[in-house]
**Student:** 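Please read through the structure below; I'll follow up with questions.
In this text, all values refer to a predicted model and were calculated from it rather than measured experimentally. Both ligands and their constituent atoms are indexed starting at 1 by order of listing.
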Amino acid sequence: MSEDIFKKIIAHSKEYGFIFQSSEIYDGLSAVYDYGQNGSELKNNIKRYWWDAMVRLNENIVGIDAAIFMHPTTWKASGHVGAFNDPLIDNKDSKKRYRADVLIEEHLAKIEAKIDKEIEKAQKRWGETFNEVEFRNTNARVLENQAKIDQIKKRFVDALNANDLEEVRQVILDNDIVCAVSGTKNWTEVRQFNLMFDTKLGSVTDEANTIYLRPETAQGIFVNYLNVQKTGRMKIPFGIAQIGKAFRNEIVARQFIFRMREFEQMEMQFFVKPGTEMQWFEQWKETRIKWHKTLGLGNENYRFHNHDKLAHYANAATDIEFRFPIGFKELEGIHSRTDFDLTQHQEFSGKKLQYFDSIENKSYVPYVIETSIGLDRMFLAILSSSFQEEEIAKEDGTKDSRVVLRIPPALAPVKLAIFPLVKKDGLPEKAIEIFNTLKYDFNCQYEEKDTIGKRYRRQDAIGTPYCITIDHETLTDNKVTIRDRDTMQQERVEISKLHEILDRKVNMKYLLEQL
Ligand code: ATP
């Protein structure tokens, strides 16, 4: 598939109410999108397919809904604050941007150079008899400079650990560190550049009140591990699932809903006995790929990609990649996260996060297998693989074309469209009567405008599996014409059979039964 198709899909998503750019009337907000009337239905159906497959079908997996805001220490424990941070500072005169840590380190290097000079001088003076260690330990100027270095380093490291950026700036000011271009110390405040979005809690704007929009949903699960295990009386192995928003201030964000700044994740953390994680890792790889393939988007569109370079906390990791219009790319990650997260939270919170294994009669911190899939990426996978432009032969021998979304019927936004052939003779009333009996079980749409052909095209374009037409005969024989999206076959069926026909095709139960 080419970039061209990708552009068509983006245009189609907008034209048919799937995806709009956020705040479009203000020219949009980069890498942020809104789901329209059909998009939100599709999204909800994907969520249900995932949630039911995880939570309903596995009695040892339960679901939670944690808050987006979490205690800031969470992100220190998880490594997100420390690991992805660049403290940035700007010089107001030259407009040059620096990394605060680099400025300070360069300053320390200058002091270091002074010590080296003293040593060089002394060496020349004393010649062969010079003892560098003794000189470093006794020379007043060297000691003074070394003390300076130690003190600056300590202050700087403490400030970074405490996330005290004002103090980082103060270190720069107190040490008369100037911009190499302007020569001034007219510095802005120090800002962390991190993938995490931050905001303030309450009205006081001091650093201690900084909280983050979570960059992943997983941590909401880890901090609730004990709550769920105890209240749910969960026995290892067990899982906790969650669907929710995550936020990342992505630098490269130009791939439609593939890479967004606000997106949704569906994550499940599976807690296992240490030593059994590799077996569970393999098990979850199998379970997850089956979930994907059952949708029927084409087995050739999936592949595993094992990570060569593992994150410091992982002992195995793989991605399920999907063939998007922009090529094979990560759709879902499956990671063996060891006991890293729970151990970190245990350390940072001072609370024990263990499991008492009554069979082994001992307590341990469980190991974790994570499955993490982006809901929006899943949406894009479905949309892009179901989008088809087709040429169709008309009855009179001429050719026509249609755009059809062959969305798996159970996930389709609208399941049934109901059309009266004409807007009179009691046909709309009959159509509405049918609508009212089916609407409780299926998302139905009523349409009476335009020719039946045009109405079919509109429904094809949003992926509606069935359309029915109510004509004059319906009033006497209680039958309607039902038309199938994929085969375009039409058939006359009893109104009383509609529920059964629809249910067989669109009920998610039949999809779940195949898992
Ligand atoms: P990538 O390498 O593509 O940035 P990642 O490895 O950082 O992704 P994870 O942290 O493993 O992603 O997140 C799990 C899942 O969340 C990914 O497989 C993806 O489906 C989804 N995801 C991550 N970042 C984004 C984003 N910016 N927009 C949409 N979905 C995302």
**Student:** How close does the nearest protein non-hydrogen atom get to atom 19 (C) of ligand 1, and which residue and atom is it?
**Tutor:**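 Residue, atom and distance for the closest contact: R377 NH1, 3.4 Å.
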**Student:** Tell me the protein heavy atom at minimum distance from atom 14 (C) of ligand 1, and give that distance in Å.
**Tutor:**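 Result for atom 14 (C) of ligand 1: S372 OG, 2.9 Å.
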**Student:** Centres of the F379 and Y35 rings: under 6.0 Å?
**Tutor:**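 For F379 and Y35, the ring centres are under 6.0 Å apart.
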**Student:** Find out whether the Lys NZ or Arg CZ of R261 is both under 6.0 angstrom from the six-membered ring centre of F247 and within 45° of the ring's axis.
**Tutor:**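 Because its charged atom misses either the 6.0 Å distance or the 45° angle limit, R261 does not stack over F247.
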**Student:** What protein heavy atom sits nearest atom 22 (N) of ligand 1, and how far away is it?
**Tutor:**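 In this structure, atom 22 (N) of ligand 1 has F263 CE1, 3.5 Å as its nearest protein heavy atom.
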**Student:** Between F324 and F258 (judged by ring centroids, cut-off 6.0 Å), do the two rings come close enough to count as a pair?
**Tutor:**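 F324 vs F258: aromatic centres under 6.0 Å.
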**Student:** Distance to 0.1 Å, residue and atom name: give those for the protein heavy atom nearest to atom 2 (O) of ligand 1.
**Tutor:**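 Its nearest protein heavy-atom neighbour is E330 OE1, 3.7 Å.
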**Student:** Whether K154 and D158 form a salt bridge (side-chain N of Lys/Arg under 4.0 Å from carboxylate O of Asp/Glu) is what I want to check.
**Tutor:**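 Yes, charged N to carboxylate O under 4.0 Å.
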**Student:** Can you tell me which portion of L331 lies within the under-4.0 Å heavy-atom range of ligand 1? Options are side chain, backbone, both, or neither.
**Tutor:**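 For L331, only backbone atoms sit under 4.0 Å from ligand 1.
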**Student:** Is N58 reaching over with its side chain to a backbone N or O of I61, donor-acceptor style, under 3.5 angstrom?
**Tutor:**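 No, because the side chain of N58 does not come within donor-acceptor range (under 3.5 Å) of the backbone of I61.
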**Student:** Check each heavy atom of E332 against ligand 1 and say whether those closer than 4.0 Å belong to the side chain, the backbone, both or neither.
**Tutor:**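 For E332, the contact with ligand 1 is made by the backbone alone.
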**Student:** Nearest protein heavy-atom contact for atom 10 (O) of ligand 1: which residue, which atom, what distance?
**Tutor:**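 For atom 10 (O) of ligand 1, the nearest protein heavy atom is R248 NH2, 2.9 Å.
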**Student:** Is it true that Y225 and F271 have ring centroids separated by less than 6.0 Å?
**Tutor:**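 They qualify: ring centres under 6.0 Å apart.
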**Student:** Nearest to atom 28 (N) of ligand 1, what protein heavy atom do you find, and at what distance?
**Tutor:**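 The protein heavy atom lying closest is M260 N, 2.9 Å.
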**Student:** Any ion pair linking R402 and E390 (charged N to carboxylate O, less than 4.0 Å)?
**Tutor:**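 Counted as a salt bridge, because a side-chain N and a carboxylate O are separated by less than 4.0 Å.
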**Student:** Taking 4.0 angstrom as the limit and counting only heavy atoms of F258, give me the atoms of ligand 1 inside it, by number and element.
**Tutor:**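 With F258 as reference, the close atoms of ligand 1 come out as 28 (N), 29 (C), 30 (N).
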**Student:** Among all the protein's non-hydrogen atoms, which is closest to atom 21 (C) of ligand 1, and how far away is it?
**Tutor:**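 Result: G374 CA, 3.7 Å.
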**Student:** Flag this pair as yes if the NZ/CZ of K362 is under 6.0 angstrom from the six-membered ring centre of F356 and inside a 45 degree cone about the axis; otherwise no.
**Tutor:**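 Relative to the ring axis of F356, which defines the angle, K362 lies outside at least one limit.
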**Student:** Between I257 and ligand 1, is there a nitrogen or oxygen pair with a distance under 3.5 Å?
**Tutor:**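 No.
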**Student:** For the 3.5 Å polar cut-off, considering only N or O atoms, please tell me whether Q265 and ligand 1 meet it.
**Tutor:**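 Between Q265 and ligand 1, an N or O pair is found under 3.5 Å apart.
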**Student:** Check each heavy atom of R259 against ligand 1 and say whether those closer than 4.0 Å belong to the side chain, the backbone, both or neither.
**Tutor:**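 Answer for R259: both.
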**Student:** Indicate, as side chain, backbone, both or neither, the part of H335 found under 4.0 angstrom from ligand 1 when only non-hydrogen atoms are considered.
**Tutor:**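 The answer is the side chain.
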**Student:** For W284, run the ring pair (Phe, Tyr, Trp, His ring centres under 6.0 Å) check against F304, W291, F270 and tell me which one passes.
**Tutor:**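 Only match with W284 under ring pair (Phe, Tyr, Trp, His ring centres under 6.0 Å): F270.
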